[in-house]
2 protein chains.
Amino acid sequence: MPKSPRHPQPNQFALSAVLEALSDPIRRKIVQQLSQQGERSCSTFGAYASKTNLSYHLARLRLAGLVRIRPEGRRRMLSLRYDDMEARFPGLLRAVLASARNERSKIKTSEAPGRG
Amino acid sequence: MPKSPRHPQPNQFALSAVLEALSDPIRRKIVQQLSQQGERSCSTFGAYASKTNLSYHLARLRLAGLVRIRPEGRRRMLSLRYDDMEARFPGLLRAVLASARNERSKIKTSEAPGRG
DNA sequence: GCAAACGTCCAATGATTCTTGAACAATCAT
DNA sequence: ATGATTGTTCAAGAATCATTGGACGTTTGC
């Protein structure tokens, strides 16, 4: 694998890039998992996209400042840059994660209360 | 002008559509102005894009659930659907608006502490 | 060195998005 | 009805994004 990739600093984060990154369901899912389960290798997310495509999505998350990628052996460990995001855009990531959780339980809201 | 356009209900709002809508600087600027100055006519935002292009951006905001468009005479009045957004995705719009305000004051952060 | 495991980089393709201009529609004033 | 105002709709082009396959680089193990 190539060298360690570039990571922007918090004061370089662009709101447009962050929102674009989070607007994609695959990328949002990855961010969600990282927030729940902590650091993980790229291959953990192999089910969400092909190898190449996953690399593309991870690069977008990285360039937006949302994730950090750290080489370890022949793997690359992914982690959420929650604190950096919080420093730059307070409350934003938290709100998006909460909204994503909330949306999952969207199906069926008003209708047929029935008995169950 | 055609009939009154379609507006989705809060339980139909999609997080991806909302984040996509807010990821564009022009659309975010419009949302920002609406949040600060209340209801306004489309033409108020004529400086941000051409007539046709503006109509396109406003349609995206509308379909995402972010704005309501109401015909009044020969104008169309725009307003932010803040409460509907808050009901569907609590804290999200507030966080984005705060982030947008914050970003504006980004230029020059760490450098030349000097004496002032 | 050679092969397998894990990912990245590049070029190409298909799908969306953004932007524009021309034509159309509704309202207001004369 | 005529014309000006205010926006929408349609078709088309430019730009960007998403996805894929093939080649390549790095680490691990024989």
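Protein chains get the first letters and strands the later ones, always in sequence-line order, with residue 1 at the start of each.
- Atom CZ of Arg75(A) is separated from atom P of dG29(D) by 11 Å (rounded to the nearest Å).
- The backbone N or O of Ser23(B) lies less than 3.5 Å from a partner atom in the side chain of Ser16(A), making a donor-acceptor pair.
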For nucleotides 1-4 of chain C, give me every protein contact, N/O to N/O, under 3.5 Å, one pair per line with atom names.
none

A correct 5'-to-3' footprint of nucleotides 11-19 of chain C, with B, S and - meaning base, sugar-phosphate only and no protein heavy atom under 4.0 Å, is ------SBB
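- The nearest whole Å value for the distance from the CG atom in Leu63(A) to the C1' atom in dT16(D) is 15 Å.
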Does the pair Phe45(A) and Arg27(A) meet the rule for a side chain to side chain contact (heavy atoms under 4.5 Å, CB included), with working shown? CA-CA 10 Å; Phe45(A) 307 100; Arg27(A) 293 191 291 255; over 6 Å; no
Report task. Could you check Arg76(A) against Ser43(A) for side chain to side chain donor-acceptor pair (under 3.5 Å), going step by step and ending with a plain yes or no? Result -> CA-CA 9 Å; Arg76(A) 294 171 78 90; Ser43(A) 60; over 6 Å; no
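- Between Asp84(A) and Arg68(A) there is a salt bridge, since at least one side-chain N of the basic residue sits less than 4.0 Å from a carboxylate O of the acidic one.
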Could you list the donor-acceptor pairs under 3.5 angstrom formed by side chains in residues 90-98 of chain B, with sequence neighbours left out?
none

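- Between Leu54(A) atom CG and dG21(D) atom P there is a gap of 15 Å when expressed in whole angstrom units.
- Counted within 6.0 Å of CD on Glu86(B), heavy atoms from surrounding residues, nucleotides or ligands total more than 12; the atom is thus considered enclosed.
- The distance from atom CD1 of Ile69(B) to atom C1' of dT9(D) is 14 Å, rounded to the nearest whole Å.
- Contact annotation: Ser55(B) does not reach the phosphate of dG7(D) (side-chain N/O to OP1 or OP2, under 4.0 Å).
- As rounded to whole Å, 10 Å separates atom P of dC9(C) from atom CZ of Arg6(A).
- Looking at Arg88(A), its side chain does come within 3.5 Å of a backbone N or O of Pro10(A) through a donor-acceptor pair.
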For residues 46-54 of chain B, which side-chain donor-acceptor pairs fall under 3.5 Å, sequence neighbours excluded?
residue: Tyr48(B); atom: OH; partner: Gln33(B); partner atom: NE2; Å: 2.7
residue: Ser50(B); atom: OG; partner: Asn53(B); partner atom: N; Å: 3.3
residue: Asn53(B); atom: OD1; partner: His57(B); partner atom: NE2; Å: 3.4

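- Qualifying side chain to side chain donor-acceptor pair (under 3.5 Å) partners for Ser79(B), counting only residues two or more places apart in sequence or in other chains: none.
- Remark: the backbone N or O of Ile69(A) is paired with a side-chain donor or acceptor of His7(A) at under 3.5 angstrom.
- The interatomic distance linking Leu61(B) (CG) with dT8(D) (P) rounds to 12 Å, in whole Å.
- Ion pairing of Glu39(B) with Arg70(B) is present here, as a side-chain N (NZ or NE/NH1/NH2) and a carboxylate O approach within less than 4.0 Å.
- Atom pair Lys51(B):NZ and dC24(C):C1' shows a separation of 10 Å (rounding to whole Å applied).
- Distance, Arg62(A) CZ to dG7(C) P: 14 Å, rounded to whole Å.
- In the region residues 32-40 of chain B, proximity to DNA chain C at under 4.0 angstrom, judged on heavy atoms, holds for none of the residues.
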